[in-house]
Amino acid sequence: MLQRIIMHVDVNSAYLSWEAAHRLQHGDPLDLRTVPSVVGGNEQTRHGIVLTKSIPAKPFGIQTGETLHSARTKCPGLLVVPPNYSLYMQCSQALGDLLREYSSLIEQYSVDEYFLDFTDSKKLFGDPIQAAYNIKNRIREELGFTVNIGVSSNKLLAKMGSELQKPDRVHTLFPEEVEKKMWSLPVEELFMVGRATAKKLQDRSVRTIGHLANADPDWLKLILKSHGLLVWNYANGRDLSLVRINRHPVVKGMGNSTTTAFDVEDRETGHLVLLSLVETVATRIRVAGYCTQLISVSLRTNEFQHCSHQRKIYTATDCTKTIHHLACELFDELWQGHPIRHLGVSASELCRNDFFQMALFEELNEKQRAFDKAIDNIRKIYGSGAVYRASFLQSGINSMSGGTGEEIEYPVMSSLL
DNA sequence: TCTGGGGTCCTAGGACCC
DNA sequence: TCTGGGGTCCTAGGACCC
């Protein structure tokens, strides 16, 4: 059987590297990568967490996702810079463009990760390991940031390989190297072993990837259900998934959620926040040519209690007003009156909004559809802030809440992946 | 004013049908 | 009438990834 050659390209400290490269190009003498620094959200609006840390920030014990307050406690001189998502989109695309020179079989896995199937590229570019070094060095010289590249015969091992030593490195992790290079790592470093799975395994003395690889699969299945077999196969380096040019052949759902700058304590404000979320979700649905058949509302209280409520709808819709009406109903049924910190709306069970389905819409809805379409067009030309509902005036709530909390035009990052 | 946002997939229980 | 059991759909919640 032909052995495939897969590469995984992972940008080192992506947001921070991109921020640093951008600042250097614009005359800033300081390279953020050389000092303890993080890209962090806005604390005033309760988005104050670490998004990415520099390598010098790591020895202080700073973790991605922890509060900026906590990070500063660990490292008093910590430099915190705000995120710039449109810059990151540009960097991500520039990286993709460069990688496409080496293979047409390429999958964008996230904003800062790509898989390349290099199998057929060997004829053109020769030895894969040498090619990986060339790619890595070209990215550094031409784009100004560093990457790690993992090279193996499947995606899982390529990804695990790119995680080995950082930054600016190429690692191979072929099946015959798994025992030597991967089995000694802590079990929580295996892809798909998150906090919950790691705890269950550690409680049973499975502490390394090697322990997991050599555990009894039936026993793992008892403890972890089907997930046990998945991680057991991964620990043994087995993965049959293919590099897919489009990671999402069909989009399954689109959602939007936000942590509000203040606790929401009344129903009317809750409904208004939902409207700002629905505006974004419904627009994205329409732009992508979908209708939704399932709406879900979720909330988190100021005590971090999380709950959600969803309802199937039997007439597929892409109408802002209809979706908002349903979201408010769900909210009213769900909310127990506790102060709310976070609200979300999600649309799933998407179907294509094709020409022939138009007949399903009633005359009344036709006017609403025309209205939505007109609004979409104005926003497309003049920006998302060009038109908004009067109820947002002086409400202190963004009229079109986007996921990043920044003033970002749609389509948002995730909708491009 | 300590704790983000956007996804996918899986599980489990209850309703309902035959 | 000492009470099955398979199958599907709906819903809520949890786990994982970036």
Side-chain angles (χ1 to χ4, degrees), chain A residues 8 10-11 14-15 39-52 63-74 82-83 85 88 92 108-115 155-156 159 163 188 190-200 224-231 234 247-263 277 280-281 284 293-314 330 333-334 341-350 401-406 408 410-417:
Chain A
H8 180 255
D10 190 333
V11 179
Y15 288 1
V39 176
N42 184 337
E43 288 167 294
Q44 273 68 46
T45 56
R46 310 202 289 188
H47 290 69
I49 61 156
V50 173
L51 297 165
T52 316
Q63 311 259 333
T64 300
E66 80 175 306
T67 62
L68 292 176
H69 178 265
S70 157
R72 281 200 198 85
T73 307
K74 291 176 178 173
Y85 292 101
Y88 309 154
S92 178
Q108 183 166 14
Y109 184 69
S110 75
V111 70
D112 69 326
E113 289 179 53
Y114 287 85
F115 286 101
K155 286 169 74 177
L156 181 271
K159 183 161 169 58
E163 301 285 317
E188 65 270 21
L190 183 66
F191 181 67
M192 290 305 287
V193 176
R195 205 171 40 182
T197 303
K199 170 119 184 29
K200 286 180 194 166
L224 300 170
K225 308 283 171 65
S226 62
H227 196 66
L229 291 185
L230 177 85
V231 295
Y234 282 179
R247 179 159 180 255
H248 302 295
V250 278
V251 180
K252 299 288 172 68
M254 294 182 181
N256 194 193
S257 66
T258 190
T259 294
T260 47
F262 50 89
D263 281 349
L277 294 165
T280 316
V281 170
R284 284 175 58 204
Q293 295 182 94
L294 182 68
I295 300 296
S296 170
V297 168
S298 64
L299 68 81
R300 182 150 67 222
T301 69
N302 64 352
E303 293 180 325
F304 280 81
Q305 295 302 114
H306 187 269
C307 54
S308 68
H309 197 28
Q310 66 183 51
R311 186 168 299 149
K312 176 127 176 125
I313 45 183
Y314 293 93
L330 290 165
E333 290 165 13
L334 178 64
R341 159 182 193 97
H342 177 104
L343 274 167
V345 175
S346 169
S348 50
E349 295 196 14
L350 302 178
S401 174
T404 58
E406 300 298 302
I408 178 171
Y410 66 83
V412 298
M413 204 182 298
S414 56
S415 68
L416 292 176
L417 298 183

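Not measured: the values here are computed from a predicted model.
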According to a strict under-4.0 Å criterion, is [X] in side-chain N/O contact with OP1 or OP2 of [N]?
{"X": "A:Lys159", "N": "C:dC18", "answer": "yes"}
{"X": "A:Ser226", "N": "B:dT11", "answer": "yes"}
{"X": "A:His309", "N": "C:dA12", "answer": "yes"}
{"X": "A:Thr197", "N": "C:dC16", "answer": "yes"}
{"X": "A:Thr258", "N": "B:dG5", "answer": "yes"}
{"X": "A:Tyr314", "N": "C:dC10", "answer": "yes"}
{"X": "A:His69", "N": "B:dT1", "answer": "no"}
{"X": "A:Ser257", "N": "B:dG6", "answer": "yes"}
{"X": "A:Lys252", "N": "B:dG6", "answer": "no"}
{"X": "A:Arg341", "N": "B:dG4", "answer": "yes"}
{"X": "A:Asn256", "N": "B:dG6", "answer": "yes"}

When you measure from the side chain of [X], which nucleotide among [options] comes out closest?
{"X": "A:Ser110", "options": "C:dC18, C:dC16, B:dG6", "answer": "C:dC18"}
{"X": "A:Lys312", "options": "C:dA12, C:dT11, B:dG4", "answer": "C:dT11"}
{"X": "A:Ser308", "options": "C:dA12, B:dT1, B:dC10", "answer": "C:dA12"}
{"X": "A:Thr259", "options": "B:dT3, B:dG5, C:dC16", "answer": "B:dG5"}
{"X": "A:Thr67", "options": "B:dT3, C:dC16, C:dC18", "answer": "B:dT3"}
{"X": "A:Gln44", "options": "B:dC2, B:dT1, C:dC18", "answer": "B:dT1"}
{"X": "A:Leu51", "options": "B:dG4, C:dA15, B:dT11", "answer": "B:dG4"}
{"X": "A:Cys307", "options": "C:dG13, C:dC18, B:dC9", "answer": "C:dG13"}
{"X": "A:Ile49", "options": "B:dC2, B:dG5, B:dG4", "answer": "B:dG4"}
{"X": "A:His47", "options": "B:dC9, B:dG5, C:dC17", "answer": "B:dG5"}

* Asked: Take atom NE2 in A:His69; do more than 12 heavy atoms of anything else shown fall under 6.0 Å from it?
  -> no
* In this structure, are over 12 heavy atoms from other groups packed under 6.0 Å from A:Glu303 atom CD? -> no
Quickly work out the [X] [atom1] to [N] [atom2] distance and round it to whole Å.
{"X": "A:Glu188", "N": "C:dA15", "atom1": "CD", "atom2": "P", "result": "17 Å"}
{"X": "A:His227", "N": "C:dC16", "atom1": "NE2", "atom2": "P", "result": "6 Å"}
{"X": "A:Leu156", "N": "C:dC16", "atom1": "CG", "atom2": "P", "result": "16 Å"}
{"X": "A:Glu113", "N": "B:dG6", "atom1": "CD", "atom2": "P", "result": "19 Å"}
{"X": "A:Leu277", "N": "B:dG4", "atom1": "CG", "atom2": "P", "result": "15 Å"}
{"X": "A:Arg195", "N": "C:dC17", "atom1": "CZ", "atom2": "C1'", "result": "14 Å"}
{"X": "A:Lys155", "N": "C:dC17", "atom1": "NZ", "atom2": "P", "result": "15 Å"}
{"X": "A:Ile295", "N": "C:dC10", "atom1": "CD1", "atom2": "C1'", "result": "15 Å"}

* To do: Evaluate the side-chain proximity of A:Leu299 to A:His306: yes if any heavy-atom separation is below 4.5 Å, no if none is.
  => no
* **Minimum side-chain heavy-atom gap A:Glu113-A:His8 below 4.5 Å** => yes
* Would you say the side-chain atoms of A:Gln108 and A:Ser92 include a donor-acceptor pair closer than 3.5 Å? -> yes
* Can you tell me the Watson-Crick or wobble partner of B:dC18, both distances under 3.5 angstrom? -> C:dG5
* In B:dC2, glycosidic geometry as syn within 90° of 0 or anti otherwise -> syn
* Asked: Looking at the angle O4'-C1'-N9-C4 for a purine or O4'-C1'-N1-C2 for a pyrimidine, is C:dT3 syn or anti, with syn meaning within 90° of 0?
  -> syn
* Structure fact -> Per nearest nucleotide of DNA chain B, the residue lying toward the 5' end, A:Gly255 or A:Phe262, is A:Phe262
* Which part of the nucleic acid, if any, lies within reach of A:Gly253 when heavy atoms closer than 4.0 Å are counted: base, sugar-phosphate only, or nothing? -> sugar-phosphate
* Mind listing the closest non-hydrogen atom pair of A:Val281 and A:Gly255 along with its distance? => CG2-C, 3.8 Å
* **C:dG4 versus B:dG14 - spacing of their P atoms, nearest Å** => 16 Å
* Using the C1' atom on both, measure B:dC2 against C:dC18 and round to a whole Å. => 23 Å
* Start with the C-alpha gap between A:Leu334 and A:Leu330, add the side-chain angles, then the distance that decides, and say whether side chain to side chain contact (heavy atoms under 4.5 Å, CB included) holds. => CA-CA 6 Å; A:Leu334 178 64; A:Leu330 290 165; 5.9 Å; no
* To do: Applying side-chain contact (heavy atoms from CB on, under 4.5 Å) between A:Glu43 and each of A:Thr67, A:Ile49, A:Leu68, report the one that passes.
  => A:Leu68
